[in-house]
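In the text below, chain A, chain B and the rest are named by the order of the sequence lines, each starting its count at 1.
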There are 2 protein chains.
Amino acid sequence: MPTTTRERLIVAAFDLFASQGYDATTVDQIAAHAGVGRTTFFRNFASKEDVLFPHHDDVLREVDARLATATPTTRSSALREGARIVLDHYLDEGDAARRRYRLTSTVPAVREREMAAVHRYQRLFARHLAGWLAEEEDGPLRAELTAAAIITAHNHVLRNWLRDDRADLIEEFEHAIGIALEMLGASPPTRTTVVVTGGGDVETILRDVREALTRAP
Amino acid sequence: MPTTTRERLIVAAFDLFASQGYDATTVDQIAAHAGVGRTTFFRNFASKEDVLFPHHDDVLREVDARLATATPTTRSSALREGARIVLDHYLDEGDAARRRYRLTSTVPAVREREMAAVHRYQRLFARHLAGWLAEEEDGPLRAELTAAAIITAHNHVLRNWLRDDRADLIEEFEHAIGIALEMLGASPPTRTTVVVTGGGDVETILRDVREALTRAP
DNA sequence: CGCTAGTACGGTACTAAGTACCGTAGCGAA
DNA sequence: TTCGCTACGGTACTTAGTACCGTACTAGCG
C-alpha cells in the first residue's frame, strides 16, 4: 500500500480525533500514529485544523474552472453545477465528511476553519458573478447576494445530509438551488419551445412533462 | 480618568497592533502597555483576537431584542432596523472599526474571527426568521437565505464605508437592504410555463426542457 | 472598630501550536 | 561516482492559553 505520507497523516488524525476528541489530540500523537516526525506534519499541513480540510484547494480549482466555462446563456447551470461539484466532493468523502461535521459542531476552532473554507467558495462564486454582472446596476452587490444564496442553499442541503443520511439528496439540492435562484430575480425569457403549465420545482415539472408526453400521442 | 482595566487593554491593543502589526505584538506587550499583568488580559478576553471585537455580545443582544419585537406586519422593518443596529455600532466605533478592518484585511487569524462574528449575526437573523416562516413551505431554507441576504447587503455597504469614507452611507444601506429584500420578496411564480415547438421524440423534448429550465431560473 | 467574604489582580509554572534551522538519507541524472 | 533535489527527523525556541496560588482592596456587618 503505497499511501503517501500526507494521506497517512490524514487517516491518523481522523482516527485520533474520533477516538480522543480534537482538543485532547496533539500533533505529536498524530505524527507518531502516522509513523512520522512532528516536523513532517507541519510540512504537509499549515496547522492542526488544516488536516481536516485537505482537499478544498483542489475543489476550489475545479469549481473555478467550471464557472469559467460559463457563457451568458449557461450561467445559471454553471452556478448549479459549480455548487454540485462541492456537494459531490462531500459525498465522495462519505464518512470522513460526517466525522468532520461532528467536530465542526462541537469544536469552535474547527468550526471557524470550516467557515473560512465556506467563505472562500462564496468569494469564488461572487468573483465570477461580479464579472458577469459588471454592466448591470448594483452589479457587485447582486453578485454577492447571489453567491451568498447559492452557498447558503448548498450548505442547507449539505447539513441536512450530514446530520442524517437521506436518499433524495440530489433532488433536495436541485430544489434548494432552484429556490435560491428563483428568489433572486427574474430571468430573461428564453426562446424555448415546450410547455408546461403547473407548479412545482424542476423535477416536478419534468415528471409532469414526461407523464403527459408519454401518455399522449 | 477612571477608565476600566478592560478599556485600557483595548486601547493598548489597538495602539500596538496599529504601530507594530498584529502578529508582532504579544499579549505581554499589550498587558505591559496597559499597565497590568498578563493574567489580567486573559481574564478580560478569552484570546488575543477577542480584544478586537469587544462589543459584539452587547450588539447581538440588542439586535435580538429588536427582532423579538417584530409582529407579522412589521417584520420587514424589524429586519432593516436590526441590521441598522449593527451598522450604527460600527459607525460609533469610528476609527477603531477602520483600524480593525485594516487588520482583518491582512491578518488571517483576525479575518477568521471577524467571519465568526458575522456568522453569529446571520444565525441570529436566521433563528428569528425561521420562527416567522415556520408555517411556510421550505421555511427553514428561506429563513437562511433571507438572513444571508441581509447580512451580505449589510457587509457590502459596511465594507465600502470601511474602505473609503462616504457620505451617503445610510442611503446606500437602505438601498442595499431594499435590493436584498426585494430579490427575496418577489413571490415565487406558482405557475411555470415553458413552450416548446417542434417535434422530436419524448427523450429529445425532455432533454430540451431540462436544459431550458436549468439554464433560466 | 475588627472581622469576613468577595473580587480583582500579579506571579509562577505548565502544555501545546507553530517556526527556524540544521543535518541526513534516498534517488535520479550527468 | 558526484551533483542536486526532495523528503524527512531532531532540536531549540517563541508565544498563546490554562491552572493554580497568594495577596491587596473593599463592602458590609457584628
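Qualifying ring pair (Phe, Tyr, Trp, His ring centres under 6.0 Å) partners for A:Phe17, counting only residues two or more places apart in sequence or in other chains: A:Tyr22. For A:Phe53, the ring pair (Phe, Tyr, Trp, His ring centres under 6.0 Å) criterion is met by A:His56, not counting sequence neighbours. For A:Arg6, the side chain to side chain donor-acceptor pair (under 3.5 Å) test picks out no residue, with sequence neighbours left out. By the side chain to side chain donor-acceptor pair (under 3.5 Å) test, A:Asp58 is found to be paired with A:Arg61, residues two or more places apart in sequence or in another chain being considered. Taking A:Gln122 as the reference, nothing meets the side chain to side chain donor-acceptor pair (under 3.5 Å) condition, with sequence neighbours excluded.
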Annotated protein contacts, base or backbone, on nucleotides 6-23 of chain C with a non-hydrogen cut-off under 4.0 Å, one of B, S, - each: ---BBB----SBBB----

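With rounding to whole Å, B:Leu16 atom CG is found 14 Å from D:dT15 atom P.
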